[in-house]
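What follows is a short report on a single structure.
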Amino acid sequence: MSDRIEKRIELKAPVSRVWRALTDYREFGEWFRVRIDGPFVAGQVSRGYITYPGYEHLKWEALIQKIEPQHLFSYTWHPYAVDPKTDYSKEPPTLVEFRLKEISGGTLLELTESGFEKIPAGRRLEAFRRNDGGWSEQIRNIETYVA
């Protein structure tokens, strides 16, 4: 198992469009399937609820790390935090980074989630496996959203 998940996709949309889909909390919520309480602000916690069918009872929470316009958007969160009886706040979070690069015909989106080696051993593999699959789906979601 790797410590990181990496996904890359070439999107047929300008960097400005992809950037807006990533960093406008309402647009992010549309393709990511989460209802977020307010705008993303570096250094602040963003909260909301998952809207994906079957997961609506789950809270979404991320600490926004960096917002470097049209280049880097990052946050930390607790991966695969799906058991409402578990207090994940005691676990170290993983770091999610979205990097954008202008390419001919659109935007290269590179997604990385790192830090899985710090997740407790009892749930590390499942969190990695579930998030790897989840990011594959989210990459398709943003591709459809910005098209």
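The structure presented is a predicted model; accordingly, all values stated were derived computationally and were not measured.
Side-chain atoms of S74 come within 3.5 Å of backbone N or O of K66 as a donor-acceptor pair. Remark: side-chain polar atoms of T51 are paired, donor with acceptor, to backbone N or O of R33 under 3.5 angstrom. Using a distance-only test at 3.5 Å, with no hydrogens or angles considered, no donor-acceptor pair links the side chain of T112 to the main chain of E97. Put simply, the side chain of T86 never gets that close to the backbone of V82: no donor and acceptor are under 3.5 Å apart.
Between V41 and I64, every side-chain heavy-atom pair lies at or beyond the 4.5 Å cut-off. Residues R123 and R130 are not in side-chain contact: their nearest non-hydrogen atoms beyond the backbone lie 4.5 Å or more apart. The shortest side-chain heavy-atom distance between N141 and F32 does not fall under the 4.5 Å cut-off. Counting only heavy atoms from C-beta outward, the side chains of L100 and L109 approach each other to under 4.5 Å. Between R99 and H71, the closest side-chain pair of non-hydrogen atoms falls below 4.5 Å. Proximity of W19 to V146: side-chain heavy atoms (C-beta onward) are nowhere separated by under 4.5 Å. A 4.5 Å side-chain heavy-atom check between S2 and F116 finds every atom pair outside the cut-off. Within the 4.5 Å cutoff, the side chain of E113 has heavy atoms near those of the W77 side chain.
Residue pairs meeting the salt bridge (charged side-chain N to carboxylate O under 4.0 Å, His left out) criterion with at least one partner in residues 36-46, sequence neighbours excluded, are absent. Pairs engaging residues 54-63 under the side-chain hydrogen bond (donor to acceptor under 3.5 Å, both in side chains) rule: R47-E61 [sequence neighbours left out].
Atom-to-atom distance recorded for L95:CG and K118:NZ is 8.0 Å, nearest 0.5 angstrom. With rounding to the nearest 0.5 angstrom, the CG atom of L63 is 4.0 Å from the OG1 atom of T76. Rounding to the nearest 0.5 Å gives a distance of 4.5 Å between CG of L108 and CZ of R8. A distance of 11.0 Å separates CG of L22 from CD1 of I67, quoted to the nearest 0.5 Å. The OG1 atom of T94 sits 11.0 Å away from atom CZ of F128, with the distance rounded to the nearest 0.5 Å. Here the straight-line distance linking atom CZ of R20 with atom CD of E27 works out to 5.0 Å at 0.5 Å rounding.
For D24 and R26, the salt-bridge test passes: some basic side-chain N is under 4.0 Å from an acidic carboxylate O. Remark: E137 does not engage R140 in a salt bridge, criterion side-chain N to carboxylate O under 4.0 Å.
Between W31 and Y52, the ring centre distance reaches or exceeds 6.0 Å.
Two different hydrophobic clusters hold I5 and Y88 under the rule that ILVMFWY side chains link at heavy-atom gaps under 4.5 Å. Criterion: ILVMFWY side-chain heavy atoms under 4.5 Å apart, direct or through other members. Under it, W135 and Y145 are part of a common hydrophobic cluster.
When every heavy atom of S46 is checked against every heavy atom of I36, the shortest pair comes out as OG-CG2, 3.2 Å. A81 approaches L58 most closely through the heavy-atom pair O-CD2, 4.2 Å. Across K7 and D132, no two heavy atoms sit closer than the pair NZ-OD1, 2.8 Å. The two residues P92 and I119 make their nearest non-hydrogen contact at O-CD1, 3.4 Å. P79 and A127 get closest at one heavy-atom pair: O-CB, 4.2 Å.
No more than 12 heavy atoms of other residues, nucleotides or ligands sit less than 6.0 Å from atom OH of Y49. Annotation for E6: atom CD counts as buried by contact number, over 12 foreign heavy atoms lying within 6.0 Å.
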Practice problem: Evaluate the ring-ring contact (aromatic ring centres under 6.0 Å, His included) criterion for residues F40 and Y75: first the C-alpha distance (whole Å), next the side-chain angles of each, then the deciding distance (0.1 Å), finally the verdict. | Solution: CA-CA 10 Å; F40 295 133; Y75 57 83; 7.3 Å; no
